[in-house]
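Take a look at the structure set out below.
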Amino acid sequence: MSVRKLKPITSAQRFRVVNGFDAITTDKPEKSLLAPKKRTGGRNSQGKMTIRQRGGGHKRKYRIIDFKRNKTGIPAEVKSIEYDPNRTAFIALLNYQDGEKRYIIAQNGLQVGQNVVSGSEGVAPEIGNAMPLSQIPLGTIISCIELRPGQGAVMARSAGAFAQLMARDGKFATVKLPSGETRMILTECMATIGVISNSDHQLTVSGKAGRSRWLGRRPRVRPVVMNPVDHPMGGGEGKSSGGHPRSRNGIPAKGYRTRSKTKASNKYIVERRKK
């Protein structure tokens with residue numbers, strides 16, 4: 001894992017820092033695990049724009065990822081570590097002993113030729129193995145965590161993310177999440193051992209506006225330069241500050257808590273994330 005700073009032979013490359021891609025072993029994805037990915041441009045089924053600043057971008061194919069890790073007890077060999085344009089983390093191609101191939105989110109330290117397995121019986125808490133929270137030793141660094149049994153991984157899935165198993169009490173385990181929130185999760189839920197790969201992702205610098213366009217992000221207009229009809233922070237004579245920072249709908253942006261006080265899952269949160 002490393003980053004490279006380019007020689008400034010053009011103005012676009014002067015500040016650019018790119019990923020070294022040392023961990024990547026192939027640039028050819030597994031064709032049987034590709035699916036078409038239609039771009040919406042931020043528009044809903046009626047063709048109305050519901051998300052602004054979306055559009056363009058390079059054409060992509062979706063890689064079908066096994067988030068459930070429900071092929072239990074069958075060892076799989078890691079055939080390759082690959083780049084995925086749809087996420088910040090790298091992915092690993094697994095070749096199961098029965099011939100099936102699946103993609104999983106790759107963990108830091110996962111090597112080609114290594115064997116990984118998922119399940120509760122006789123599975124060691126080693127990098128890349130998926131186990132229920134009831135079987136993982138306390139204090140272990142985990143990622144790709146389910147919120148409900150059988151749902152598939154929904155938490156700690158992006159580059160460099162990890163959580164820590166803190167305690168177990170009855171049918172609940174206490175997990176400290178990447179946001180800083182400490183929360184109770186059912187011990188039947190699956191999690192993968194290790195930190196998510198590509199932890200250097202946060203060190204990269206795009207260097208030019210065009211790279212954002214390649215990713216499908218269009219230019220964003222600052223609210224303070226809009227008119228009052230377009231945004232609560234718009235209007236005023238000259239360079240006005242725009243008032244208190246808030247969203248286009250008028251919801252305050254700094255420190256205002258938007259989580260519902262009557263939400264059913266509030267009772268599972270032991271400690272809220274830090275401001």
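Nearest heavy atoms, Asp200 versus Ser2: OD2-N, 3.1 Å. Considering every non-hydrogen atom in both Ser197 and Asn108, the closest pair reads CA-OD1, 3.3 Å. Residues Ile145 and Ala191 approach most closely at CG1-CB, 4.1 Å, considering heavy atoms. Of all non-hydrogen atoms in Arg60 and Leu215, the two that sit nearest each other are NH2-O, 3.6 Å. The minimum heavy-atom distance between Ala92 and Val78, with the atom names listed, is CB-CG1, 4.3 Å. Between Thr192 and Ala130, the shortest heavy-atom contact is OG1-CB, 4.1 Å.
Rounding to the nearest 0.5 Å gives a distance of 8.5 Å between NZ of Lys5 and CZ of Arg14. Separation of atoms OH (Tyr268) and CD1 (Ile185) is listed at 11.5 Å; rounding is to 0.5 Å.
Without hydrogens or angle criteria, Asn95 side chain to Arg102 main chain gives no donor-acceptor distance under 3.5 Å. Side-chain atoms of Ser260 come within 3.5 Å of backbone N or O of Thr262 as a donor-acceptor pair.
Residues Met131 and Ser118 have side chains not in contact (no heavy-atom distance under 4.5 Å, counting atoms from C-beta outward). Residues Arg272 and Glu181 form no side-chain contact, since every pair of their non-hydrogen atoms from C-beta on lies 4.5 Å or further apart. Counting only heavy atoms from C-beta outward, the side chains of Arg259 and Asn266 approach each other to under 4.5 Å. Contact of the Leu93 side chain with the Glu30 side chain is registered, since non-hydrogen atoms from C-beta on lie closer than 4.5 Å. Residues Ile65 and Ile105 are in side-chain contact: their nearest non-hydrogen atoms beyond the backbone lie under 4.5 Å apart. Within the 4.5 Å cutoff, the side chain of Arg183 has no heavy atoms near those of the Thr174 side chain. Taking the side chain as every heavy atom from C-beta outward, Pro85 and Arg63 approach each other to under 4.5 Å. Taking 4.5 Å as the limit, every side-chain heavy atom of Gln164 sits out of range of all side-chain heavy atoms of Val175.
Tested against Tyr103, the residues Leu33, Leu94, Asp66 include a single side chain to side chain contact (heavy atoms under 4.5 Å, CB included) partner, Leu33.
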| Check against side chain to side chain donor-acceptor pair (under 3.5 Å), Asn44 and Thr50 | CA-CA 6 Å; Asn44 64 9; Thr50 53; 5.3 Å; no

Residues 146-162 side chain polar contacts: donor-acceptor under 3.5 Å, at least two apart:
unit_1 : atom_1 : unit_2 : atom_2 : d
Glu146 : OE1    : Gly150 : N      : 3.3
Glu146 : OE1    : Met190 : N      : 2.9
Glu146 : OE2    : Gly152 : N      : 3.1
Gln151 : OE1    : Arg148 : N      : 3.2
Arg157 : NH1    : Ala153 : O      : 2.7

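When the shell of 6.0 Å around CZ of Arg4 is examined, it contains 12 or fewer heavy atoms from other residues, nucleotides or ligands. Dense packing is recorded around CZ of Arg87, with more than 12 heavy atoms of other residues, nucleotides or ligands lying under 6.0 Å away. Environment of OH in Tyr256: sparse, with no more than 12 heavy atoms of neighbouring residues, nucleotides or ligands closer than 6.0 Å. Enclosure of atom CD in Glu77 by more than 12 non-hydrogen atoms of other residues, nucleotides or ligands within 6.0 angstrom is indicated.
Salt bridge present: Glu100 and Lys71 bring a charged side-chain N and a carboxylate O closer than 4.0 Å.
Under a hydrophobic clustering in which Ile, Leu, Val, Met, Phe, Trp and Tyr are joined whenever their side-chain heavy atoms come within less than 4.5 Å, directly or via other members, Ile127 and Phe90 fall into the same cluster. The cluster map of Ile, Leu, Val, Met, Phe, Trp and Tyr, joined by side-chain heavy atoms under 4.5 Å apart, puts Val123 and Ile104 in different clusters. Phe67 and Val116 fall into different hydrophobic clusters, defined by Ile, Leu, Val, Met, Phe, Trp and Tyr side-chain heavy atoms under 4.5 Å apart, directly or through other members. If you chain together hydrophobic residues whose side chains sit under 4.5 Å apart, Ile193 and Leu138 fall into the same group.
The aromatic rings of Tyr83 and Phe21 sit perpendicular to each other, their planes meeting at more than 60°, with 30° as the lower class boundary.
At least one cation-pi condition fails for Lys101 and Tyr96: the charged atom is not both under 6.0 angstrom from the six-membered ring centre and inside a 45 degree cone around its axis.
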